Amino acid sequence: MLAETITEGLNPEQKRAVETTEGPLLVLAGAGSGKTRVLTHRIAYLIGVCGIPAESILAVTFTNKAAGEMRERVEKLLGPGADGIALGTFHSVCVRILRRDIHHLQRDRGFVIYDDADSLGVVKETLRRHDMDPKVHDPRRLRWRFDQWKNQGLLPDQARADAADIEEEQSADLYATYQKLLFDANALDFGDILLQTVQLFERFPRILEYYQRRWQYVLVDEYQDTNRVQYQLVRQLAEGHRNIAVVGDPDQSIYAWRGADVRNILDFEEDYEDARSIKLERNYRSTQPILSAATAVVKNNLDRPDKTLFTDHDGGDPIRYYEAFDDRDEAAFVIGRIERAHREEDMPYGHAAILYRTNAQSRSFEERLLEYDIPYTIVGGQRFYERAEVKDVLAYLRLVVNPADNQAFLRIVNKPTRGIGKTTIERVQVFAQREGLPLVTALGQYVDTPEGQRVRAKAGRFLSIMSDLAQARERQPIHELISHALHATGYLEALAKEGTPEAESRVDNLKELVTSAEDFHVANQDDLDPDRGELELYLDQVALISDLDSYEDRNDRVSLMTVHSAKGLEFPLVFLVGLEERIFPHASSMRDDGGIEEERRLCYVAMTRAMRHLFITSANERRRFGEHHYQSPSRFLAEVPEELIEVLSEARRPSRGQRVRQAEPAPVRDGYDYSYSQDMGGEEGGVAKGTRVRHPVFGLGEVLAVMGDGLNQKLKIKFERAGVKTVMVRYANLELV
DNA sequence: TCTGTAGGCGTTTTT
DNA sequence: CGCCTACAGA
């Protein structure tokens with residue numbers, strides 16, 4: 001194949017990045033600078049021009065979507081020659097390694113992958129084993145801590161050795177128990193997948209050598225988002241041949257909270273001496289105003305390498321800013337604009353994206369879109385494979401594959417209810433712990449003990465379902481197996497009996513699951529692993545899939561997603577919403593400078609998603625947790641040069657009558673406080689029994705009773721239309737009448 | 001043991 | 001506000 005065919009159309013820097021095949025290479029690629037292009041052309045160049053076998057190339061990404069896109073584009077360049085490239089996420093690559101070699105760590109190759117919910121269950125079990133109260137020791141927080149340790153590449157004993165205080169030591173002990181429980185369940189959590197791989201390589205150099213020899217060329221995408229373990233893994237694999245190419249952008253490092261360390265990319269040239277580095281600064285995506293605005297914002301970060309993006313796209317709209325009265329007004333504005341562009345300019349709905357900081361913000365937009373009957377997709381939030389009904393069925397299958405999967409067992413022993421309640425389960429747990437058995441096995445033996453007699457018949461039904469499924473698995477393809485399980489377990493029947501709209505939608509989801517399993521079956525027909533059945537492969541896949549991965553950019557739907565999810569995507573028309581202090585930047589990021597800088601990078605990522613039009617909005621008043629909060633526009637807004645912004649309107653607050661106010665501003669309650677809430681109430685406002693007030697929702701009413709004072713003062717009010725309600729003075733937004 | 005409901009609590013971002 | 005858990009009653 002001719003080198004020119006592959007490098008054609010690349011700019012000089014991109015071309016250099018493609019042709020520099022040997023030795024360590026750092027590509028600093030600004031937003032929209034053709035990063036994926038470089039990666040894919042580089043792979044094609046290695047194979048097509050240098051004659052490197054596809055099998056010798058490893059390319060790692062963070063999302064399956066990025067991996068899929070890359071494979072597609074390489075295939076376009078090479079045709080079927082692209083088969084055999086190891087191309088996947090860090091997690092999927094490591095799972096493949098572990099499926100082959102984890103037995104060296106004295107573990108079973110048939111392990112299951114635990115998701116967040118499963119692992120939270122294990123944390124709770126951990127606390128139980130230590131006789132600790134989950135109310136005192138927050139399970140989520142503990143899990144987060146374990147995860148951080150894993151991200152750092154630390155096993156329990158190392159974590160304990162590094163512990164700064166008694167409390168951390170205690171957590172490290174819990175971590176040890178947690179790992180033991182995972183081990184017993186023959187399960188790995190997300191963090192383990194990476195950590196155990198690094199462990200494997202560290203302890204068995206000969207296995208590492210095998211992979212080093214196999215993958216002569218290693219490419220890493222989004223290198224700025226790698227954490228410690230990922231860094232170690234890359235290092236291990238690149239040792240020896242040192243053909244390591246990493247691509248990334250320090251300005252787009254937005255995963256520090258997950259243990260990512262920008263230093264990995266910033267220090268690359270020191271880590272790998274004689275590394276070459278190439279900067280891609282030409283932007284092919286956005287107009288100049290958008291680029292200038294985004295750059296102006298991120299330039300406020302002190303800790304960043306100098307880099308300026310430029311574009312040939314001359315002209316372009318200024319950024320438009322709308323300050324909304326409240327979240328509903330904000331949604332109305334955004335949807336109105338989308339509708340107008342669709343109607344007047346024939347813009348396909350798929351060209352528009354609404355980006356927000358937190359998932360919870362999607363609601364008001366969703367409502368409005370529904371109202372206007374505009375098609376949309378929400379990426380993230382509740383994931384398909386995390387829906388209760390889907391997880392339930394999958395739990396049956398997981399238990400078939402791996403009887404040690406106690407989380408799966410606990411999830412479905414009594415689902416649908418078959419009379420195996422809490423007491424029975426607790427007894428079985430005790431029995432299992434004493435005998436050192438997995439729970440299913442323990443249940444089988446428990447029913448033969450004298451105290452187990454009572455549940456014998458009920459448990460027998462469950463156990464026979466399990467053995468029926470085990471047999472069905474031998475002869476049925478995955479989608480039929482799932483369908484079989486839905487019937488055999490009585491799951492569908494139970495839902496049908498409910499008859500609620502909710503149950504119906506669950507049935508729909510389960511149908512969709514069967515359909516998608518059939519797709520999987522068809523797609524995987526040819527590469528069957530004799531060692532591992534279809535079911536195992538399927539379970540791996542669903543465990544590692546994310547919502548974004550199944551997101552197809554359909555041309556006819558508005559996209560709604562968090563800024564994090566939007567990384568790597570682009571849209572002609574972008575609405576960056578909720579640009580308010582304490583939302584973006586988020587309140588929890590304000591504890592240290594690093595937090596604010598990460599938020600600022602996040603803002604940069606958000607703005608650079610826009611190709612042609614960028615709208616920014618903020619709302620003065622917002623309901624959160626059902627309470628009213630007042631916030632000021634984000635500091636990031638002030639960082640955009642004035643001449644690049646067109647302000648569309650000043651929000652005016654409707655003023656009717658005197659507001660009920662509290663004399664003193666609210667003291668900050670804690671780090672999470674949204675203290676822009678307007679505090680009202682107290683005697684100063686003149687609220688007393690008999691006072692007539694107006695509530696924004698309930699209308700006119702009369703105060704029946706005043707309860708408490710200060711911040712937590714509540715009023716019992718009899719409303720003319722809404723009846724008697726109790727409201728918190730400081731959130732109710734009352735007016736004196 | 002199951003089912004319904006009251007109360008508490010939470011939201012940052014995700015492979 | 002809405003979800004989940006804990007608890008009470010059947």
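No experiment lies behind these values; they were computed from the predicted model shown.
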>> Is it the case that atom CD in Glu451(A) sees more than 12 heavy atoms from other parts of the structure closer than 6.0 Å?
In response: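 Yes, the 6.0 Å shell around CD holds more than 12 heavy atoms from other groups.
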
> Between dG2(C), dT12(B), dT15(B), which one does the side chain of Arg258(A) approach most closely?
Replying inline: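 Among dG2(C), dT12(B), dT15(B), the one nearest the side chain of Arg258(A) is dT15(B).
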
>> Nearest to the side chain of Trp257(A), heavy atoms from C-beta on, is which of dT13(B), dT5(C), dT11(B)?
In response: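 Shortest atom-to-atom distance from the side chain points to dT13(B).
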
> Mind checking whether Arg609(A) and Leu576(A) have side chains closer than 4.5 Å, heavy atoms only?
Replying inline: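 Arg609(A) does not reach Leu576(A) side chain to side chain.
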
Over how many whole Å does the gap from [X] atom [atom1] to [N] atom [atom2] extend?
{"X": "Arg140(A)", "N": "dC3(C)", "atom1": "CZ", "atom2": "P", "result": "15 Å"}
{"X": "Asp133(A)", "N": "dT5(C)", "atom1": "CG", "atom2": "P", "result": "15 Å"}
{"X": "Leu569(A)", "N": "dT14(B)", "atom1": "CG", "atom2": "P", "result": "12 Å"}
{"X": "Arg143(A)", "N": "dT15(B)", "atom1": "CZ", "atom2": "C1'", "result": "13 Å"}
{"X": "Asp116(A)", "N": "dT11(B)", "atom1": "CG", "atom2": "C1'", "result": "14 Å"}
{"X": "Arg128(A)", "N": "dT5(C)", "atom1": "CZ", "atom2": "P", "result": "12 Å"}
{"X": "Arg141(A)", "N": "dC9(B)", "atom1": "CZ", "atom2": "P", "result": "14 Å"}
{"X": "Asp189(A)", "N": "dT14(B)", "atom1": "CG", "atom2": "C1'", "result": "14 Å"}

Look at the side-chain N and O atoms of [X] and state whether any lies under 4.0 Å from the OP1 or OP2 oxygen of [N].
{"X": "Asn359(A)", "N": "dT14(B)", "result": "yes"}
{"X": "Arg357(A)", "N": "dT11(B)", "result": "no"}
{"X": "Thr63(A)", "N": "dT15(B)", "result": "no"}
{"X": "Thr562(A)", "N": "dT14(B)", "result": "yes"}
{"X": "Ser565(A)", "N": "dT14(B)", "result": "yes"}

>> Both Ile254(A) and Asp138(A) contact DNA chain B. Taking the nearest nucleotide for each, which residue is further toward the 5' end?
In response: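 Its nearest nucleotide lies further toward 5', so the answer is Asp138(A).
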
>> Need to verify one output field. Residue with the more 5' nearest nucleotide on DNA chain B, Ser589(A) or Phe62(A)?
In response: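 Residue closer to the 5' terminus by nearest nucleotide: Ser589(A).
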
> Within the modelled atom types, does a donor on one side and an acceptor on the other bring the side chain of His91(A) and the base of dT15(B) under 3.5 Å apart?
Replying inline: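 Looking at the base of dT15(B), it does pair with a donor or acceptor on the side chain of His91(A) (distance under 3.5 Å).
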
> CG of Asp225(A) to CD1 of Ile265(A): how many Å apart, nearest 0.5 Å?
Replying inline: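 One gets 9.0 Å once the value is rounded to the nearest 0.5 Å.
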
> Toward the 5' end of DNA chain C, which comes first, Lys422(A) or Arg363(A), by nearest nucleotide?
Replying inline: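 First, find each residue's nearest nucleotide; the 5'-ward one identifies Arg363(A).
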
> Stacking here means centres under 5.5 Å and planes under 30°; does His586(A) stack on dT12(B)?
Replying inline: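 Taking the rule of under 5.5 Å and under 30°, the ring of His586(A) does stack on dT12(B).
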
>> Is the base of dT14(B) stacked against the aromatic ring of Tyr255(A), taking ring centres under 5.5 Å apart and planes under 30° as the test?
In response: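 One would not call Tyr255(A) stacked on the dT14(B) base.
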
Lys/Arg N to Asp/Glu carboxylate O, [X] vs [Y], below 4.0 Å:
{"X": "Glu330(A)", "Y": "Arg622(A)", "value": "yes"}
{"X": "Asp192(A)", "Y": "Lys150(A)", "value": "yes"}
{"X": "Asp118(A)", "Y": "Lys391(A)", "value": "yes"}
{"X": "Asp221(A)", "Y": "Lys35(A)", "value": "yes"}

Using a 4.0 Å heavy-atom cut-off, does [X] contact any base of the nucleic acid, only the sugar-phosphate backbone, or nothing at all?
{"X": "Asn414(A)", "value": "sugar-phosphate"}
{"X": "Arg601(A)", "value": "nothing"}
{"X": "Ser92(A)", "value": "nothing"}
{"X": "Arg454(A)", "value": "nothing"}
{"X": "Phe190(A)", "value": "base"}
{"X": "Ile420(A)", "value": "sugar-phosphate"}

> Which whole number of Å gives the distance between the P atom of dA6(C) and that of dT11(B)?
Replying inline: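 dA6(C) and dT11(B) have their P atoms separated by 16 Å.
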
